[in-house]
Amino acid sequence: MFERFDTPEEIFSYKLGSALSMERQLVGLLGQLEQCTLREEIRHPLAVHRKETLQHIANIEHCFKLLHEAVDDSPCGVIEALANESKTMIKKSDDSLPDVLILAVATEAEHYEIAVYETLIANAEARKATAVAKLLSENLAQDKHALTVARTLMTTILEQGIAVA
Ligand SMILES: [Fe+2]
Ligand SMILES: [Fe+2]
């Protein structure tokens with residue numbers, strides 16, 4: 001853990017570690033959402049993306065190795081806050097309504113991930129860490145796909161009627 005940052009490389013390492021925490025927390029969050037959803041057509045893509053997220057963790061760990069640095073996770077408060085908010089909202093909401101909240105938190109989380117990866121990739125490319133940029137781009141592509149899936153599901157359930165009896 002850095003006490004202070006003296007180089008852009010140190011900031012990059014910190015942000016890469018924060019992305020690692022983000023992905024580790026998302027494995028737990030996606031698992032919780034899978035358990036809460038009332039619809040099989042939502043549960044399945046969540047499970048698929050949870051498995052992809054395990055690969056995202058492995059890819060980030062590999063990035064540290066490519067940079068000849070120890071794998072170090074920095075805190076990520078954003079996913080923790082999103083997870084806490086969704087848990088509270090689901091608890092307070094009628095039992096027929098979790099799916100709209102599940103797709104909201106999934107959409108918000110993927111948007112955050114995409115922003116994190118776009119920034120990391122720009123930095124990796126600038127320092128000519130091509131292999132690192134490539135691994136992070138693989139994560140970005142799957143997170144963009146997960147966002148598209150969540151958006152499509154949201155549109156479908158809003159049209160069908162959100163509540164499940
Ligand atoms: Fe991811
Ligand atoms: Fe994701």
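Every number for a ligand or one of its atoms is a count from 1 in the order of the listing. As the structure is a computational prediction, the values presented were derived from the model and not from experiment.
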Less than 3.5 Å apart, which donor and acceptor atoms pair up between the side chains of residues 140-147 and the rest of the protein, not counting sequence neighbours?
residue	atom	partner	partner atom	Å
Gln142	OE1	His56	NE2	2.8
Asp143	OD1	His49	NE2	3.1

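Side-chain contact between Pro75 and Tyr14 is present, with heavy atoms from C-beta onward closer than 4.5 Å. Between Ile121 and Glu125 the shortest side-chain heavy-atom distance falls below 4.5 Å.
Pairs of residues two or more places apart, or lying in two chains, that qualify as salt bridge (charged side-chain N to carboxylate O under 4.0 Å, His left out) and include a residue from residues 15-34 are Arg24-Glu61, Arg24-Asp73, Glu34-Arg50.
When only modelled atom types and interatomic distance are considered, Asn59 and Gln55 share a side-chain donor-acceptor pair under 3.5 Å.
Around the Fe ion (ligand 1), the protein contributes the following N, O or S atoms at distances under 2.8 Å: Glu23 OE1, Glu23 OE2, His56 ND1, Glu113 OE2, Asp143 OD1, Asp143 OD2.
Residues satisfying the side-chain hydrogen bond (donor to acceptor under 3.5 Å, both in side chains) test with Thr107, not counting sequence neighbours, are none.
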